[in-house]
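Since the model is a prediction, treat every value here as computed from it, not as a measurement. Here is how names work: the chains are called A, B, and so on, in the same order as the sequence lines, proteins then strands, and each is numbered from 1.
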Number of protein chains: 2
Amino acid sequence: MARATKINVDTSQRILDVAERLVQTRGFNGFSYADIAGTLGVTKASLHYHFPTKAELGQRLIERYEQRFLDALATIERSGVDAREKLRRYAAIYTDVLRSNRMCLCGMLASDYATLAKPIKEGVKQFFNRNEDWLVAVLEEGRSSGALRFAGSPDVVARGIVGALEGAMMLARSYGEVVRFEAVADRLIAEL
Amino acid sequence: MARATKINVDTSQRILDVAERLVQTRGFNGFSYADIAGTLGVTKASLHYHFPTKAELGQRLIERYEQRFLDALATIERSGVDAREKLRRYAAIYTDVLRSNRMCLCGMLASDYATLAKPIKEGVKQFFNRNEDWLVAVLEEGRSSGALRFAGSPDVVARGIVGALEGAMMLARSYGEVVRFEAVADRLIAEL
DNA sequence: GTCTATAGGTGGATAGAC
DNA sequence: GTCTATCCACCTATAGAC
């Protein structure tokens with residue numbers, strides 16, 4: 001009964017899957033509905049039924065991506081490891097994305113920022129705000145417990161971590177060298 | 001005599017100026033010849049006379065940008081300041097770019113990387129290689145003189161600095177807050 | 001929900017006059 | 001070196017049949 005409206009494993013989700021990969025590899029202005037349609041073997045008109053405009057598609061992409069990310073952070077939180085290990089696992093999320101030759105969805109959208117519709121811009125900022133909030137909490141916990149030692153406000157350190165990981169990811173992807181990212185990320189966390 | 005072929009302050013340079021700003025604000029796939037033509041008050045056909053294809057335009061953009069950047073680094077080198085001050089002035093180059101609401105040209109192209117022609121890709125990597133080479137030299141000098149103290153290889157630290165500045169820049173631009181970048185950059189250098 | 005067909009616009013690029 | 005005119009491929013998006 002609960003699945004009455006769920007006939008065929010949700011076309012919307014498969015569209016989002018393909019679109020997500022395209023944004024993460026080519027940027028929001030680097031793909032078209034035709035690319036998605038070609039991959040899925042449907043027509044462009046079908047896509048417009050599920051996502052009337054490209055801007056709406058973008059909004060849904062961010063919402064889903066952010067939810068997954070927050071879920072991952074919640075999982076780290078529940079694991080009960082110390083603050084340093086939490087940061088290692090946080091960086092590992094980025095590494096996993098990079099391994100599939102992708103950029104962070106919101107890192108990519110941040111570079112396309114000037115060309116995006118307002119709701120997408122808001123979504124991007126919210127994503128980074130929530131990342132920073134989580135990191136601030138971890139940093140404060142680590143400083144209290146003695147697991148971490150750092151100068152400056154947790155706020156600035158958190159922003160530094162997000163920026164450093166996003167930037168290192170972007171460069172490592174250009175070189176096609178995941179190890180480039182790992183070395184930088186390891187040192188970043190080791191310095192705290 | 002020497003200026004015989006230079007009638008009107010070089011249209012090519014003015015085209016590059018406008019194109020550069022567009023790439024730095026909207027990305028390589030976020031602008032068109034029509035945008036440049038509209039700004040300069042010429043036709044698209046004129047632009048194609050100076051830069052036959054968009055890929056060639058992109059190549060010239062990188063070449064010019066890299067030359068300017070290397071000139072700026074050479075100026076820092078000649079100033080005779082200590083290693084820490086060199087890093088501060090290096091970061092200041094980024095701050096100046098960000099103040100005009102722009103991303104680093106090559107940072108932007110790094111995010112568009114998958115969609116670019118091969119010569120442009122090579123140009124992007126070369127830009128970052130030269131940045132890292134310069135930083136490695138400064139870091140080694142600073143470690144020798146005692147002006148800097150850091151763990152790990154200068155190589156990894158240099159890559160961390162470039163990535164951190166590019167990433168922080170990208171995020172700060174999204175928030176429209178230059179101060180966000182400055183706080184992160186200051187702390188980054190202070191930690192060395 | 002998916003299709004065919006198409007609208008209406010813009011993309012990069014070229015030919016040829018001036 | 002800049003223009004007009006144009007090509008053709010592709011873009012986002014919609015109408016309407018099935």
Side-chain angles (χ1 to χ4, degrees), chain A residues 3-23 25-62 108-109 112 114-121, chain B residues 3-23 25-62 108-109 112 114-121:
Chain A
R3 51 169 288 290
T5 56
K6 251 194 175 180
I7 307 300
N8 53 6
V9 203
D10 220 330
T11 305
S12 291
Q13 292 301 314
R14 298 202 303 145
I15 294 170
L16 289 174
D17 289 341
V18 175
E20 184 176 76
R21 180 176 51 77
L22 286 167
V23 174
T25 51
R26 304 179 57 88
F28 196 74
N29 299 315
F31 79 101
S32 72
Y33 270 42
D35 295 321
I36 305 173
T39 301
L40 290 179
V42 297
T43 60
K44 292 188 289 171
S46 273
L47 304 182
H48 280 285
Y49 168 80
H50 295 278
F51 304 95
T53 68
K54 201 181 177 187
E56 286 179 62
L57 172 61
Q59 277 181 254
R60 297 296 158 76
L61 280 176
I62 291 192
M108 206 58 148
L109 293 176
D112 295 326
T115 70
L116 303 175
K118 191 168 288 180
I120 303 187
K121 287 182 179 177
Chain B
R3 52 171 287 289
T5 56
K6 250 194 176 181
I7 305 302
N8 52 8
V9 204
D10 219 330
T11 305
S12 292
Q13 292 301 313
R14 298 201 303 146
I15 295 170
L16 289 174
D17 289 341
V18 174
E20 186 176 75
R21 178 177 51 79
L22 286 166
V23 173
T25 50
R26 304 179 56 88
F28 197 74
N29 300 315
F31 79 101
S32 72
Y33 269 43
D35 295 321
I36 306 174
T39 301
L40 291 180
V42 296
T43 61
K44 290 190 291 170
S46 272
L47 304 182
H48 281 286
Y49 168 81
H50 294 278
F51 305 96
T53 68
K54 202 181 177 185
E56 288 178 62
L57 172 61
Q59 278 181 254
R60 298 297 157 77
L61 280 176
I62 293 192
M108 206 59 148
L109 293 175
D112 294 327
T115 70
L116 303 175
K118 192 169 288 178
I120 303 187
K121 288 182 178 175

* Take B:Ile120 and B:Phe28, measure what side chain to side chain contact (heavy atoms under 4.5 Å, CB included) needs, and give me the verdict at the end. => CA-CA 11 Å; B:Ile120 303 187; B:Phe28 197 74; 4.1 Å; yes
Could you report the tightest heavy-atom contact between [X] and [Y], atom names first, then the distance?
| X | Y | result |
| --- | --- | --- |
| A:Lys54 | A:Phe31 | NZ-O, 2.9 Å |
| B:Leu61 | B:Ala19 | CD1-CB, 4.0 Å |
| B:Gly30 | A:Asn29 | CA-ND2, 4.2 Å |

Given atom [atom1] of [X] and atom [atom2] of [N], what is their separation to the nearest angstrom?
| X | N | atom1 | atom2 | answer |
| --- | --- | --- | --- | --- |
| B:His48 | D:dA5 | NE2 | C1' | 14 Å |
| A:Tyr49 | D:dG16 | OH | P | 18 Å |
| B:Arg14 | D:dG1 | CZ | P | 13 Å |
| A:Leu57 | D:dT12 | CG | C1' | 12 Å |
| B:Glu56 | C:dA13 | CD | P | 9 Å |
| A:Leu47 | D:dC11 | CG | P | 12 Å |
| B:Arg26 | C:dG11 | CZ | C1' | 14 Å |

* Asked: Residues from residues 27-42 of chain B sitting under 4.0 Å of DNA chain D, heavy atoms only?
  ->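 Going residue by residue through residues 27-42 of chain B, the ones with a heavy atom under 4.0 Å of DNA chain D turn out to be B:Gly41, B:Val42.
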* Give, for atom NZ of A:Lys121 and atom CG of A:Asp112, the distance between the pair rounded to the nearest 0.5 Å. => 11.5 Å
* To do: Give, for atom CZ of A:Arg21 and atom CD1 of A:Ile36, the distance between the pair rounded to the nearest 0.5 Å.
  => 9.5 Å
Is [X] close enough to [N] that one of its side-chain N or O atoms is under 4.0 Å from OP1 or OP2 there?
| X | N | answer |
| --- | --- | --- |
| A:Thr43 | C:dT2 | no |
| B:Ser46 | D:dC3 | yes |
| A:His50 | C:dT2 | yes |
| B:Thr11 | D:dT2 | yes |

* Asked: Quick one: on DNA chain C, does B:Thr53 or A:Ala45 contact a more 5' nucleotide (nearest heavy atom)?
  ->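 Nearer the 5' end of the strand: A:Ala45.
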* Asked: Do B:Tyr33 side-chain atoms and B:Thr43 backbone N/O form a donor-acceptor pair below 3.5 Å?
  -> no
* **Given DNA chain D, 5'-ward residue of the pair B:Ile15 and B:Lys44, judged by closest heavy atom** =>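 Per heavy-atom nearest nucleotide, the more 5' residue is B:Ile15.
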